[in-house]
Colleague: 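Just passing along the structure, written as structure tokens.
Order of the sequence lines sets the chain letters (A, B, ...), proteins ahead of strands, with each chain counted from 1.
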Amino acid sequence: MKRRHLQTYAMALSLVAIWALFAVVTDGVFLSSRNLLNLTRQASVTAILAIGMVVVIISGNIDLSVGSLAGFLGAGLAVSHGVFGAPGLASAALMVAVGAGLGCCHGLLVAYQRVPAFIVTLGGLMVYRGGMLAITKGGTPRLPMDSWLKDIGNGSLPQTAWGIPTPLVIVAILSVVMWLVVSRMRYGRHLHAVGGNAEAAFLSGIDTRRVVVMAFTMMGALAAVGGAVLTARVGSASPEAGRLLELDAIAACVIGGASLMGGRGSIPGALLGALVMGSLDNGMSLANMGPFWQDIVKGSVLVVAVWFDMRVRAR
Amino acid sequence: MDVAIRFQSITKEFAGIPALRDVTFDVRAGEVHALCGENGAGKSTLIRLLGGAWPAGSYAGDLHVHGERAAFRSVRDAERAGIAVIHQELALVPGMSVAENLLLGREPGRRGIVDRRQMREVAAAQLDVLGGGIDPSGDVGALGVGRQQLVAIAKALVRNARILVLDEPTSALTDTGANALLDILRTLRSRGVTIIYISHRLDEVLDIADRVTVLRDGERVGTWDAEPLSAADIVREMVGRDVAPAARRVVAPASDDRPALSVRAWSVLSPDGAARVRDVSFEAHRGEVLGVAGLMGSGRSELLLSLFGAWPGTVYGDMWIDGVPAAIRRPVEAVARGMALVAEDRRRQGLILGMSVGHNLTLAALRGLSRGGFVRRGRDADEARGLVDRLAVRTPGLATPVRELSGGNQQKVAVGKWLLTRPSVLLLDEPTRGVDVGAKAEIHDLVRGLADEGAAVIMVSSEAPEIMALSDRVLVMREGAVSATFDDVDGLTEADIVAAAISQSPTAGAA
């Protein structure tokens with residue numbers, strides 16, 4: 001109980017510290033409502049991937065492929081909708097189905113064929129990166145100029161004072177749904193049990209393999225949504241889209257209190273973690289720090305977050 | 001007589017709750033000093049502290065080893081001072097050989113190249129002292145718990161420990177194994193090794209110990225010479241009241257014609273093809289406890305796991321539940337058919353240690369506690385609370401991680417989580433291993449209660465008294481096969497069971 005509180009405080013404190021730092025460095029621009037809305041828009045893709053990643057992490061696994069998968073499916077959306085002219089809704093639904101299917105394949109390989117998740121998804125990372133180049137033929141397929149799908153990345157809720165960004169709404173809806181799954185449904189209990197002690201869960205009559213397959217399947221579907229938002233924001237798919245997003249998502253989960261050993265993690269934590277990662281991105285761009293700094297800082301943050309987690313738990 | 005260890009006003013708190021309060025006593029050099037107390041009395045905390053697992057500064061008071069004030073910062077420090085602690089959870093590396101485990105960190109050889117032959121020889125020599133016929137080049141993970149225990153003890157001996165702390169060393173051993181171990185301890189004592197001995201088997205304590213210290217609720221009750229003490233004296237000091245010995249079951253079970261579980265020609269092969277269970281047939285009726293006795297490695301655990309669909313190797317044979325043929329391939333199916341298994345190792349196989357007490361208790365029965373996939377949290381909490389009360393689980397609350405409970409209370413949770421599923425066939429593998437007297441009696445009552453409510457209970461135990469106290473019928477296994485069946489437990493003696501477990505002729509091993 002106490003440890004959990006300590007970690008929550010640490011997370012909230014570090015978020016405040018990061019915001020305060022950037023507020024000073026950018027002369028307050030960072031904290032302007034315009035920038036904060038922009039920040040949530042930027043952090044939304046990481047957030048969508050993180051709420052899927054946290055499910056996989058609670059199950060005791062990892063998914064390194066999500067950045068590539070999101071990029072691949074985002075490109076697929078642009079090709080299907082923009083190049084072939086298929087209806088937007090059908091294209092989006094197709095991508096979610098493909099994402100879920102590929103995620104399901106990851107899960108089957110991990111749970112039934114006993115290939116470590118690290119390897120399955122590391123392979124997936126390369127496969128989808130290649131697949132993306134194949135379907136875009138190295139170009140940047142665009143969504144149709146007038147497509148409503150662009151709004152899921154760029155739009156705002158009409159008739160609201162601040163113009164709440166559409167991606168934020170998507171994140172909110174997905175978060176509530178996934179929070180129900182993880183914290184209120186029987187599946188969520190089973191998920192924690194499998195991640196906490198797979199053998200004991202198995203001997204308790206839990207279908208542990210199915211639990212793992214479902215975790216990866218949800219992750220795949222969420223990667224499709226993340227990819228759609230990614231493509232919609234730019235209006236086109238770029239070959240670099242989604243690169244290293246898996247690390248942002250994993251870092252977000254760990255910052256949010258998830259344990260890479262499995263059995264522990266939460267959706268609200270993952271969201272806060274995504275906000276931390278998004279703030280770092282946004283703040284460092286505003287402060288005109290070179291892009292290389294962003295990689296260095298974010299990579300270090302990931303390691304520090306895990307180190308802190310280990311220290312807190314070792315007590 | 002020299003003092004090997006002096007505990008001076010030791011106080012240790014966890015989150016403000018004292019686990020040890022002002023504990024002061026001496027352990028003399030070269031004696032076997034038994035530490036007794038119920039689970040949660042503070043024994044484990046005290047020896048963790050002695051073993052360096054709780055670093056100096058995390059507790060109040062002083063620790064003196066051979067007259068010098070000791071401030072261990074780590075387990076390594078304690079080891080360097082000649083203290084070896086053998087915990088209930090053995091510090092062995094599965095996947096490495098017995099010899100590699102024994103000499104872990106002190107492999108013989110030159111310039112970083114391990115002399116494997118010398119290693120095997122050193123290990124073999126040490127294992128010979130202990131007996132048990134353990135192959136030094138075999139995988140530690142493939143050994144049963146009992147033999148792993150022997151390896152852990154050998155590992156400490158290799159390290160020339162001058163102070164040996166044994167936490168429940170015999171809980172996983174058969175009586176023969178335990179006696180062999182006690183002999184080894186006597187030898188070590190004669191060589192001047194100081195031994196702190198923790199066991200719930202009080203007959204052993206009285207057999208081996210020179211002096212006995214009893215802890216209760218974190219405080220030292222007293223230290224006595226073992227000589228005039230009786231088991232009843234110790235129990236009285238441990239619990240602070242008199243405890244009647246577990247009463248023998250008198251009510252005959254209502255046996256109905258169709259057995260709850262019927263097994264024919266059951267054989268089990270390990271994944272590498274070795275026969276673990278050979279052609280076993282038996283029936284278990286509702287309302288009875290079928291005791292399964294036998295040595296470690298006699299195939300008892302494999303039998304239970306395979307019946308439950310949890311065995312990774314090949315299984316042959318037929319099985320009927322309530323007269324209906326059953327082909328169970330996975331525990332999911334076993335649970336759906338009304339079976340339950342409390343496996344041997346509660347921490348590894350029974351509990352989700354990081355999960356709360358409440359969630360562990362309802363884990364196996366969650367389907368009945370949910371609607372439309374959603375857990376009905378009110379009912380879930382009510383049922384969990386009901387179980388905590390019924391089982392008298394000592395826990396600060398439902399939300400407490402099960403890891404923080406004492407061993408006996410953890411075991412109550414491991415058994416209790418099956419109560420809500422109302423099993424018709426309950427498989428128990430060493431249900432009271434490493435559990436204190438009080439919790440043991442409570443678990444016995446529970447098992448008997450479940451049988452009286454109409455479950456067929458199949459209970460594996462290494463403790464003959466436990467088998468005799470609870471069973472209506474007894475089945476003894478030896479080398480994977482049933483070596484004896486006792487349909488009438490009246491007049492059955494411990495010697496009968498031991499004899500059947502060791503050899504076919506009842507006279508041969510009765511001693």
Side-chain angles (χ1 to χ4, degrees), chain A residues 1-7 57-60 111-112 114 176-214 218 257-266 309-310 312-315, chain B residues 14-16 58 304-305 308-310 330-337 339-356 358-360 362-377 380 396-397 399-404 414 417-418 421 423 427 429:
Chain A
M1 229 30 180
K2 271 197 147 168
R3 288 178 206 164
R4 230 162 69 192
H5 287 210
L6 178 62
Q7 214 157 22
I57 287 180
I58 294 171
S59 82
Y112 287 85
R114 296 172 175 269
V176 171
V177 171
M178 293 305 289
W179 175 79
L180 286 171
V181 169
V182 168
S183 299
R184 288 290 178 267
M185 292 189 77
R186 189 170 67 227
Y187 173 79
R189 277 298 166 82
H190 287 178
L191 178 73
H192 281 91
V194 168
N197 184 348
E199 189 171 359
F202 177 69
L203 290 174
S204 300
I206 292 172
D207 193 337
T208 52
R209 299 188 289 199
R210 199 172 136 256
V211 168
V212 171
V213 170
M214 281 177 67
M218 286 188 275
S259 159
L260 291 176
M261 310 295 284
R264 199 157 53 88
S266 75
D309 175 50
M310 292 297 174
V312 169
R313 275 197 303 157
R315 280 147 48 98
Chain B
F14 294 102
S58 72
L304 294 197
L305 284 171
F308 199 63
R330 312 200 63 210
V332 193
E333 297 165 7
V335 173
R337 294 294 298 269
M339 295 175 82
L341 169 72
V342 178
E344 186 177 9
D345 185 340
R346 64 173 166 265
R347 297 172 65 92
R348 194 161 60 83
Q349 300 170 307
L351 299 169
I352 320 290
L353 290 172
M355 212 182 223
S356 69
H359 288 187
N360 266 287
T362 57
L363 188 61
L366 221 45
R367 188 165 292 276
L369 295 176
S370 46
R371 192 164 35 195
F374 283 86
V375 177
R376 299 165 70 181
R377 302 205 304 143
D380 180 61
T400 307
V402 103
R403 172 181 289 122
E404 292 174 13
K417 74 177 196 179
W418 291 108
T421 68
L427 310 172
D429 198 349

Colleague: Which atoms of Asp380(B) are under 4.5 Å from chain A, going by heavy atoms: the side chain, the backbone, both sets, or neither?
Modeller: side chain
Colleague: Is there a side chain to side chain contact (heavy atoms under 4.5 Å, CB included) between Leu427(B) and Met339(B) once you walk through the steps?
Modeller: CA-CA 8 Å; Leu427(B) 310 172; Met339(B) 295 175 82; 3.9 Å; yes
Colleague: Using heavy-atom distances under 4.5 Å, tell me whether Ala310(B) contacts chain A through its side chain, its backbone, both, or neither.
Modeller: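 Both parts, heavy atoms under 4.5 Å.
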Colleague: Just give me the residue among Glu333(B), His359(B), Met355(B) that pairs up with chain A most often, heavy atom to heavy atom, under 4.5 Å.
Modeller: His359(B)
Colleague: Who among Ala193(A), Gly263(A), Gly196(A) has the most heavy-atom pairs with chain B under 4.5 Å?
Modeller: Ala193(A)
Colleague: Between Thr362(B) and chain A, which part of the residue has a heavy atom less than 4.5 Å away: side chain, backbone, both or neither?
Modeller: side chain
Colleague: Nearest 0.5 Å please: distance from the CZ atom of Arg209(A) over to the CZ atom of Arg330(B).
Modeller: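 The CZ atom of Arg209(A) sits 4.0 Å away from the CZ atom of Arg330(B).
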Colleague: I'd like to verify something: which residue of Asn360(B), Val375(B), Leu369(B), Leu341(B) has the highest number of heavy-atom pairs under 4.5 Å with chain A?
Modeller: Val375(B)
Colleague: Given heavy-atom pairs under 4.5 angstrom as the criterion, report whether the side chain, backbone, both or neither of Val332(B) touches chain A.
Modeller: both
Colleague: What residues form a salt bridge (charged side-chain N to carboxylate O under 4.0 Å, His left out) with Arg376(B), not counting sequence neighbours?
Modeller: none
Colleague: Are Gln349(B) and Val342(B) close enough, and set up right, to give a side chain to side chain contact (heavy atoms under 4.5 Å, CB included), and what steps lead you there?
Modeller: CA-CA 8 Å; Gln349(B) 300 170 307; Val342(B) 178; over 6 Å; no
Colleague: How close do Lys417(B) and Ser204(A) get, heavy atom to heavy atom, and via which atoms?
Modeller: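 Closest pair (atom of Lys417(B), atom of Ser204(A), distance): NZ-OG, 2.5 Å.
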Colleague: Side chain, backbone, both or neither: which part of Arg348(B) has a heavy atom under 4.5 Å from chain A?
Modeller: both
Colleague: Does Ile352(B) reach the side chain of Val402(B), with side-chain heavy atoms less than 4.5 Å apart?
Modeller: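 No; the side chains remain at least 4.5 Å from each other.
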Colleague: Using non-hydrogen atoms only, which part of Leu351(B) is less than 4.5 Å away from chain A: side chain, backbone, both, or neither?
Modeller: backbone
Colleague: Looking at side-chain heavy atoms only, is the closest gap between Arg184(A) and Arg377(B) below 4.5 Å?
Modeller: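 Answer yes - side chains close enough.
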Colleague: Check whether Leu353(B) gets within reach of chain A through its side chain, its backbone, both or neither, counting any heavy atom under 4.5 Å.
Modeller: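 Looking at Leu353(B), nothing touches chain A.
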